There are 2 protein chains.
Amino acid sequence: METKAKRILIADDEPDILEIISYNLIKEGYETYTAKDGNEAIERAKQLNPDLIILDIMMPYKTGLEVCEILRSMPLFENTLIIFLTALSDESSHIKGLEMGADDYVSKPISPKVLISRVNALFRRTHKETDGKTLKIGNISIDPIRFIVEINGEEVMLAKKEFELLYLLASKPGRVFLRNEILSQVWGTDVIVGDRTIDVHIRKIRQKLGIDCITTVKGVGYKFDL
Amino acid sequence: METKAKRILIADDEPDILEIISYNLIKEGYETYTAKDGNEAIERAKQLNPDLIILDIMMPYKTGLEVCEILRSMPLFENTLIIFLTALSDESSHIKGLEMGADDYVSKPISPKVLISRVNALFRRTHKETDGKTLKIGNISIDPIRFIVEINGEEVMLAKKEFELLYLLASKPGRVFLRNEILSQVWGTDVIVGDRTIDVHIRKIRQKLGIDCITTVKGVGYKFDL
DNA sequence: GATATTGATAACATTATGTTTACACAAATT
DNA sequence: AATTTGTGTAAACATAATGTTATCAATATC
C-alpha cells in the first residue's frame with residue numbers, strides 16, 4: 001500500500017506532547033522528527049524537507065503562525081502540509097492559521113486518535129490523483145477515469161504501470177519521450193529500476209493493444225504514433 | 001454515511017471569505033467551487049449544476065439578488081438551494097432575498113460554525129428528494145429508500161456498509177474509485193480502518209449478489225461494471 | 001561487420017487483493 | 001437482564017496479478 005514512509009516534523013515546547021504525538025505517529029508507520037521552539041522548527045524543516053509539519057501555536061522565539069508564514073514564503077514549503085495545534089477557545093488564531101496556509105488544525109487537549117485520523121485524512125486528500133481527461137487519438141481512447149483503453153470500441157484492460165506509461169506517451173502524440181523522462185514521470189524520481197524494465201512494459205502494451213501505436217526511436221526513447 | 005458529496009458553489013468578491021468558507025465546507029465533506037463576481041457565479045453554476053449556491057449580496061457586475069433572479073428563471077435551477085450572505089443590518093435586501101426564492105440567509109460577519117450548520121440543515125431538509133435516487137443499471141436496481149438491491153426482480157439484502165459501498169460504486173458505473181475515495185466517502189475522513197476491510201466488504205457484496213458486477217483494478221481501486 | 005540498443009522470454013520478486021476465521025460490539029429478541 | 005443474531009473490523013494466510021531482472025537473440029547505426 002504505502003510507497004514510502006512519510007516524514008513528519010512536530011514542533012512543540014512541551015516534551016511530553018512531543019513524545020506522545022511522536023509515539024503514536026510512529027506506530028502508524030510515519031517517520032517523526034521534533035523541534036522544541038519556532039527557530040528549531042524552521043531549521044529542521046529546511047534540513048529534513050518533511051511531508052507534514054505539526055506546529056504548536058504557542059512556542060518560544062517564534063509562534064507557530066510566524067513559523068508557518070516564514071516557511072510558506074519559501075518555494076520549498078509551498079506545498080508542504082501544515083497542521084496547527086491550537087488552544088480550544090482560540091478562534092482568532094485558528095482563522096489566522098487558515099489564512100496563513102495551514103491545512104488543518106487540531107484543538108488541545110490533543111487526542112492521539114483524532115490527531116492521527118486528521119493526519120491520515122490530509123495525506124489521503126493530497127494523494128487523490130486528480131485524474132486527467134480521456135485521451136482520444138484516432139480510433140483509440142484512453143480513459144483514466146474508467147481505467148480502460150478502447151480500440152474501435154473494444155475494451156482493453158492494462159495493468160497500472162502499463163496504463164500510466166501509455167497515458168504519458170499518448171498525452172503528446174508524436175513527441176518522443178526520453179527514457180529518463182519516462183522513468184521520472186511514471187516511476188517517480190526516487191525509484192531505481194533497471195534499463196530493460198521500460199522495454200518490457202512497452203512490449204506488453206503493444207501485445208495487449210494488438211496494434212502498432214508505439215514507435216521506438218533508437219538511442220532516444222519512445223513515442224506514440226499511429 | 002454519505003452517499004455522495006454535495007457540490008456547493010460559493011460566490012463572493014473577498015478571496016479570504018471564499019477560502020475560509022470553502023475550507024470549512026470541504027472539511028465537512030462537501031465539494032466546493034468558487035466564483036468572484038456575479039457573472040462568474042452564473043457561468044459556473046451552469047457548468048457545475050451545484051446542489052447549493054452561496055451568494056454574497058454585494059458583488060461586482062451583478063449582485064447576489066440579480067444572480068438569484070436570473071438562475072431561478074431557468075428550469076435547471078428551479079430547485080437548487082440558495083443561501084445569501086448579507087450584511088447584518090441590511091434588513092431590506094434580506095427580505096427581497098427571500099422573496100426572490102432564497103432558501104436561507106446568513107449574516108456577516110460569518111462564523112464558519114453557523115454557516116455549516118445552516119448548510120447541513122438545508123440539506124437535511126431536502127434530504128429525501130436529493131439523496132435517495134434508485135439506481136438502475138442493467139438488470140440491477142439499488143434502492144436506498146427501501147435499502148434493497150434487486151437483481152432480475154429478486155431481492156437481496158445487504159448490510160449497511162455493504163449497501164453504501166455498492167451504492168457509491170454504482171452511482172458512477174464504469175468509473176474507478178480509488179481506495180482512498182472509497183474510504184473517505186463511505187467511512188468518512190475521521191475513521192481509521194485496516195487495509196483489508198474494503199476487500200472484505202467487496203467480497204461480501206459479490207457473494208450476496210451472485211453476479212459479477214464489481215471489477216478490481218489492481219493497484220488503483222474498484223469499479224462497478226456489468 | 002562491430003557496437004550499441006532494444007525485443008523477447010522466462011524466472012523471479014514484490015504487491016495487492018482474496019479468503020477465512022475470530023472477535024468485539026450493538027441491536028434485536030427473549 | 002440475558003441471550004441471540006447480525007454487522008463491522010482485524011489478523012493471518014493464500015493466491016493471483018503485476019513489476020522487475022537476467023539472459024540472449026535480433027536489429028539498427030555507424
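All of these numbers come straight from a predicted model, not from anything done at the bench.
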Sequence-aligned protein contact record of nucleotides 18-30 of chain D, with B where the base is within under 4.0 Å of a protein heavy atom and S where only the sugar-phosphate is: SBBB-B---BS--
Spacing of B:Glu164 atom CD relative to D:dT7 atom P, expressed in whole Å: 13 Å
Whole angstrom value for the distance that separates P of C:dT19 from CG of B:Asp199: 10 Å
A:Lys161: partners by side-chain hydrogen bond (donor to acceptor under 3.5 Å, both in side chains), with sequence neighbours left out: none
For B:Leu48, side-chain contact (heavy atoms from CB on, under 4.5 Å) partners two or more places apart: B:Arg7, B:Leu9, B:Tyr33, B:Arg44, B:Pro50
Set of side-chain contact (heavy atoms from CB on, under 4.5 Å) partners for A:Ile137, sequence neighbours left out: A:Leu135, A:Ala170, A:Pro173, A:Phe224, A:Leu226
For A:Leu18, side-chain contact (heavy atoms from CB on, under 4.5 Å) partners two or more places apart: A:Ile10, A:Asp12, A:Thr34
Length of the line joining A:Asp212:CG and C:dG7:C1', which is rounded to integer Å: 13 Å
Side chain to side chain donor-acceptor pair (under 3.5 Å) pairs, two or more places apart, involving residues 141-150 of chain A: A:Thr134-A:Asp143, A:Asp143-A:Arg146, A:Arg146-A:Glu150
Atom-to-atom span, CD1 of B:Ile214 to C1' of C:dT17 - whole angstrom: 14 Å
Axis bend over the full length of the helix from C:dG1-D:dC30 to C:dT30-D:dA1, computed from five pairs that close each end, to 10 degrees: 30°
DNA chain C-proximal residues of residues 172-185 of chain A, any heavy atom under 4.0 Å: A:Arg179
Where at least one partner belongs to residues 200-223 of chain A, residue pairs that pass salt bridge (Lys or Arg N to Asp or Glu O under 4.0 Å), sequence neighbours excluded: A:Glu162-A:Lys208, A:Lys223-A:Asp225
Check: A:Ile211 and A:Ile140 side chains under 4.5 Å, non-hydrogen atoms: yes
Touch class at under 4.0 angstrom, heavy-atom based, for B:Tyr222 against every strand present: sugar-phosphate
Whole-Å gap separating P (C:dG7) and CD1 (A:Ile205): 12 Å
For B:Phe147, ring-ring contact (aromatic ring centres under 6.0 Å, His included) partners two or more places apart: B:Phe163
Which donor-acceptor pairs under 3.5 Å do side chains of residues 174-188 of chain A form with protein atoms, sequence neighbours excluded?
from     : atom 1 : to       : atom 2 : distance (Å)
A:Arg175 : NH2    : A:Glu181 : OE1    : 3.1
A:Arg175 : NH2    : A:Glu181 : OE2    : 2.3
A:Arg179 : NH2    : A:Asp195 : O      : 3.1
A:Arg179 : NH2    : A:Asp199 : OD1    : 2.3
A:Glu181 : OE1    : A:Leu178 : N      : 2.8
A:Ser184 : OG     : A:Asn180 : O      : 3.3
A:Ser184 : OG     : A:Glu181 : O      : 3.2

Set of side-chain hydrogen bond (donor to acceptor under 3.5 Å, both in side chains) partners for B:Ser22, sequence neighbours left out: B:Thr32
